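Encoded as structure tokens, the structure appears first; notes follow it.
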Amino acid sequence: VRALRLERVLDVSVEIISEAGWDGLSMSEVARRSGIPRQTVYKDVGSRAALGRAVVDRELARFMELVRAGLAAHPDSMEDGLAAAVRGVLEHARGSTILAAVLRPGHDPGLLSLVTVHPDAVLGQATDALASLLGEGVPLALVDSVVRLTLSHLLQPTVSVDDAIVTLSVNDPEAFLRWFASLDDA
């Protein structure tokens with residue numbers, strides 16, 4: 001029951017943030033719209049900041065599921081798997097109302113700073129998750145770079161998804177991996 005209630009609170013929070021930005025989110029409004037008593041919302045979530053973190057964590061989990069699917073679709077080619085994973089993430093991002101709201105100019109940057117300033121909120125989790133999916137043989141510098149480039153394209157999309165994929169592609173994956181391995185040695 002608590003998990004269903006939390007999903008409802010997160011859904012309503014996303015609606016509010018999408019409509020009014022982070023500055024429009026209040027625990028009272030979440031309680032009113034969700035039909036869940038405010039005390040229960042506080043008990044389940046803790047604080048407004050914790051609610052924001054829960055929204056970000058859930059959205060990150062959705063993005064990481066797209067990464068898993070992209071990699072699974074190309075088990076014999078890391079490059080093709082990463083390209084499919086990045087494509088899935090960037091295409092999903094283009095339609096994400098919560099991401100659009102977080103990036104919309106003129107709103108309180110509280111949620112944006114959670115995504116961009118606090119490394120564990122997104123960067124750390126995404127890097128750890130991708131490293132785990134790719135396995136121990138892939139240099140952490142490669143994983144970190146792929147995540148950072150993807151986040152850059154996600155947060156400031158200046159080119160098409162296809163062009164972003166090209167940016168992350170290499171013609172000689174083995175040479176690319178050797179180059180990244182040399183960074184770990186430096």
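Starting from 1, each residue takes its place in the sequence as its number. Model, not experiment: these values are computed from the prediction.
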Nearest heavy-atom contact between S96 and L99 is OG-N, 3.1 Å
Practice prompt. Side-chain contact test, heavy atoms from C-beta onward, threshold under 4.5 Å: evaluate it for P157 versus L90 and give yes or no.
Written response: no
What one should report as the nearest heavy-atom pair of A126 and V147 is CB-CG1, 3.9 Å
Would you check if the side chain of S152 reaches a backbone N or O of R148 as a donor-acceptor pair within less than 3.5 Å?
no
When rounded to the nearest 0.5 Å, the distance separating CG of L25 from CZ of R48 is 5.5 Å
Basic-acidic side-chain contact under 4.0 Å: E65, R62:
no
Practice item. Using a strict 4.0 Å threshold on nitrogen-to-oxygen distance, state whether D80 and R87 make a salt bridge. Key: no
Problem set entry | Criterion side-chain contact (heavy atoms from CB on, under 4.5 Å) on V67 and L82, from CA distance to verdict | CA-CA 8 Å; V67 170; L82 284 172; over 6 Å; no
Tell me whether R5 at atom CZ has more than 12 heavy atoms from other residues, nucleotides or ligands lying less than 6.0 Å away. yes
### M78 vs L142 side-chain heavy atoms within contact, under 4.5 Å
yes
Does a side-chain heavy-atom distance below 4.5 Å link H92 with E59? yes
- Task: State, yes or no, whether a side-chain contact exists between L51 and V30 at a heavy-atom distance under 4.5 Å.
- Result: yes
One should read off an interatomic distance between D44 CG and L10 CG, to the nearest 0.5 angstrom, of 10.0 Å
Taken to the nearest 0.5 Å, the spacing of L6 CG from R58 CZ works out to 8.0 Å
dist R8:CZ -> R33:CZ (nearest 0.5 Å) comes out at 9.5 Å
Shortest non-hydrogen pair, I98 vs S18, comes out as N-OG, 3.8 Å
Salt-bridge test for E7 and R2: reply yes if a basic N is under 4.0 Å from a carboxylate O, no otherwise. no
Sub-4.5 Å side-chain heavy-atom contact between F63 and Q125: no
Worksheet item: Backbone N or O of A141 within a donor-acceptor pair of the S145 side chain at under 3.5 Å?
Response: yes
Heavy atoms of A31 and P37 approach each other most closely as CB-C, 4.2 Å
Distance col, row Y42:OH vs I36:CD1, nearest 0.5 angstrom, shows 14.0 Å
Across all chains, not counting sequence neighbours, the side-chain hydrogen bond (donor to acceptor under 3.5 Å, both in side chains) partners of S26 are none
d(R68 CZ, M64 CE) to nearest 0.5 Å is 6.0 Å
Heavy-atom nearest pair, V143 first then A131, reads CG1-N, 3.7 Å
Item to check | Validation row: H153, V89 side chains within 4.5 angstrom (heavy atoms) | outcome: no
For residues L130 and V138, determine if any side-chain heavy atom of one lies less than 4.5 Å from a side-chain heavy atom of the other. no
Checklist entry - Is there a side-chain contact between T97 and E15, using heavy atoms and a 4.5 Å cut-off? => result no
